[in-house]
Amino acid sequence: MSNYHIKHLEEYYQVYRKSVRAPKQFWEEIAEEHFLWHKKWDNVLSWDFKKPEVKWFEGAKLNITVNCIDRHLVTKANKTALLFEPNDPNSEAQHITYQQLHDSVCQFANVLKAKGITKGDRVCIYLPMIPELAIATLACARIGAIHSVVFAGFSATALATRINDSDCKMVITSDGAYRGAKTIDLKGIVDDALENCAGVATVLVAKHINTDIAMVSGRDEWLQPLLDAAATTCAPEIMDAEDPLFILYTSGSTGMPKGMVHTTGGYMVYTAYTFKNVFQYKEDDVYWCTADIGWITGHSYIVYGPLANGATTLMFEGVPSYPDFGRFWQIVEKHKVNQFYTAPTAIRALAKEGLELVEQYDLSSLKVLGSVGEPINEEAWHWYNDNIGKKQSPIVDTWWQTETGGIMITPIPFATPTKPTYATLPFPGIQPALMDDKGVELKENQVSGRLCIKFPWPSMARTIWGNHQRYKDTYFSAFENTYFTGDGALRDEVGYYRITGRVDDVIIVSGHNLGTAPIEDAINEHPAVAESAIVGFPHDIKGNALYGYVILKDVGESRNQDNLRKEINQIITEHVGPIAKLDKIQFTSGLPKTRSGKIMRRILRKIACNDTANLGDTSTLLNPEVVEAIMANAI
Ligand code: WTA
């Protein structure tokens, strides 16, 4: 018998030990007992972190949508699968049952097929948080097409880069999106992006905000009439366990975003098993994750993990601040939400507002609270625990990454005692290690180091689309024979982990990972800019905000600096998206560089953080005098 559902701490330790002692047997039992396979595997796991190559359930055949939808139809056809809460609180929520989800996914899948999409083709999905987004991803999975969901806050340039990187044949979008009281012209952004994407033959457009938009004949088609004409059954494509399920882009320290490739069988098993345990989902619960499906949290814990468990998963189109900052709590009351999973940045924003916005709603349905995306600070943790959970609902501080596919370090509610700011213990099957700078593993407790994972787990990304070498260099080269996360962490006296943050040039702003390179490239496009460098500094609500140091070409640039700042942020918005705008921009005559020409970001970071008492070693700088000048003019 597998221990699919962990209920006590002792049970956790017992299951954990088994998962480390006999990992293949452990995962085999879970895979065997809780999922539908068209054909079982020949081999549970083969791996080599040197190549690197990892294969789970090799030889097995399945379709993930059969596991997420069809198999529930026998007992749960009329249960709500997707519960859609629209942006406008006065519009009706939609309850989409498992049967309706089945029919809609099949119709959508048939439309994709009719448009020539076949197994292995890449389809870009650029949609707001409306049911079509979940349905489109599942429709791709139904026919074996690889979905690449791009968060609908990204700009046309960012969208085009992602479409081209994975040669998407089709884009699925909508006539627009609501964002609180505003609307966004999504289709216009797609049109701009496609000027540079020759490979896209078809654009399917969902009608959502009912604006008048231009349709390019021969390329663009309204979705609804096609769906209406399509059959409500569609035989699932039988996939190999290691066939790609989706590509999802994440920022790297340098260069292009990385198209992380997730495969089918292991991803399904791991997201389902973590969902069940981390949220302790029970049959009639209503589960709500506030993330956008454009991020990994939405893929794994709005769509695949919950649906594989036959859960009711709530999808919210809107924002926490519209029509007021009580919106989340109003939704919790309205739908009697049992598990609520959100990000520290949202908690901090809500904690700034008056408690009356919380207290006017009945939150007694809540059983488990979750946090993800960045370290949760102590103050936010307590606010969440006291005012939302009323000290009754354990907080699961879940640490994981786009690359890991599923939750890696987390308490199991009602089993693991929580500790503010600690993600606590590794999930079964996960073998973390802390490394010192020299690559030696720190085995004792009460140490801090670089967080690595020593053994493969089923939902790990298998490669970077089109660039396996980069996958190897980024994750498997820093330390021998182990996956490097890019995060720093400490382990306390009882073995609990606390994630301390990125140790590379990725900056997490409001829970969004931003690489410095694409932002600097965007700034450098401004005709007046010679060079730039971006660093993060602490911000009350966003966690981190961006500080830009900009060198102008013409030192005597006479233009109004505030206008220049606006123009720079405008360019960033166009090239990357509004999430990457800089909070502070300092014009400077130089940047601290090493003799080999590398910008010393460590120093810039300290200046941005107003922590200049100890700048560390500046002796290797080519131009130490520039540091004084930057400090004197810091904002
Ligand atoms: C950070 C999001 C501290 C971390 C699922 C990681 C966290 C990056 C936590 C991945 C947490 C995520 N505590 N830090 N509970 N969760 N992070 O790819 O730096 O968007 O490497 O995946 O977010 O972000 P990503």
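Since the structure is predicted, the reported quantities are computational estimates derived from the model, not experimental observations. First listed ligand is number 1; within each ligand, the first listed atom is number 1. Both backbone and side-chain heavy atoms feed into the values below; hydrogens, waters and symmetry mates do not.
- The structure places OG1 of Thr416 at 6.5 Å from OH of Tyr12, a figure rounded to the nearest 0.5 Å.
- Protein heavy atom in closest approach to atom 21 (O) of ligand 1: Asp487 OD2, 2.6 Å.
- For the pair Asp397 and ligand 1, the shortest N or O to N or O distance falls below 3.5 Å.
- Contact atoms of ligand 1 toward Val372: 5 (C) (distance under 4.0 Å to a heavy atom of the residue).
- Checking only distances, Thr485 never comes within under 3.5 Å of ligand 1, N or O to N or O.
- For atom 24 (O) of ligand 1, the nearest protein heavy atom (residue, atom name, distance) is Asn513 ND2, 3.1 Å.
- Nearest protein neighbour of atom 8 (C) of ligand 1, counting heavy atoms only, is Ile508 CD1, 3.8 Å.
- Heavy-atom proximity to Thr297, at under 4.0 Å, picks out these atoms of ligand 1: 5 (C).
- Atom numbering of ligand 1 starts at 1 in the shown order; those under 4.0 Å from a heavy atom of Thr398 are 9 (C), 11 (C), 15 (N), 16 (N).
- Nearest protein heavy-atom neighbour of atom 13 (N) of ligand 1: Glu374 O, 3.4 Å.
- When all heavy atoms are compared, the tightest approach of Arg462 to Gly266 is NH2-CA, 4.5 Å.
- For the pair Asn67 (side chain) and Ala308 (backbone), a donor-acceptor distance under 3.5 Å is absent.
- A side-chain contact (heavy atoms from CB on, under 4.5 Å) with Leu434 is found for exactly one of Lys443, Glu444, Arg491, Glu441, namely Arg491.
- Under a 4.0 angstrom heavy-atom cut-off, Gly373 registers as being in contact with ligand 1.
- Among protein heavy atoms, the minimum distance from atom 18 (O) of ligand 1 is reached at Thr402 OG1, 2.5 Å.
- Listed by first then second residue, pairs satisfying ring-ring contact (aromatic ring centres under 6.0 Å, His included) with a partner in residues 472-515 read Phe49-Phe476, Phe151-His512, Trp295-His512, Trp457-Tyr483, Tyr471-Tyr475, Tyr471-Phe476, Tyr475-Tyr483, Phe476-Tyr483, Phe479-Phe484, not counting sequence neighbours.
- Residue contact check for ligand 1: Trp400 places a non-hydrogen atom closer than 4.0 Å to it.
- One side chain, Thr274 or Tyr301, offers a donor N or O that lies under 3.5 Å from an acceptor on the other.
- Under the ring-ring contact (aromatic ring centres under 6.0 Å, His included) test applied with Phe275, the options Tyr281, Tyr4, Tyr270 reduce to a single match, Tyr281.
- Across all their heavy atoms, Ala241 and Trp56 have their closest contact at CB-O, 3.8 Å.
- With a heavy-atom cut-off of 4.0 Å, Val506 does not touch ligand 1 at all.
- For Ile296, no nitrogen or oxygen atom sits less than 3.5 Å from a nitrogen or oxygen atom of ligand 1, counting backbone and side chain alike.
- Side-chain contact check for Asp285 versus Gln339: some heavy-atom pair is nearer than 4.5 Å.
- In this structure, atom 3 (C) of ligand 1 lies nearest to the protein heavy atom Pro375 N, 3.1 Å.
- Proximity of Ser300 to Tyr267: side-chain heavy atoms (C-beta onward) are separated by under 4.5 Å at one or more points.
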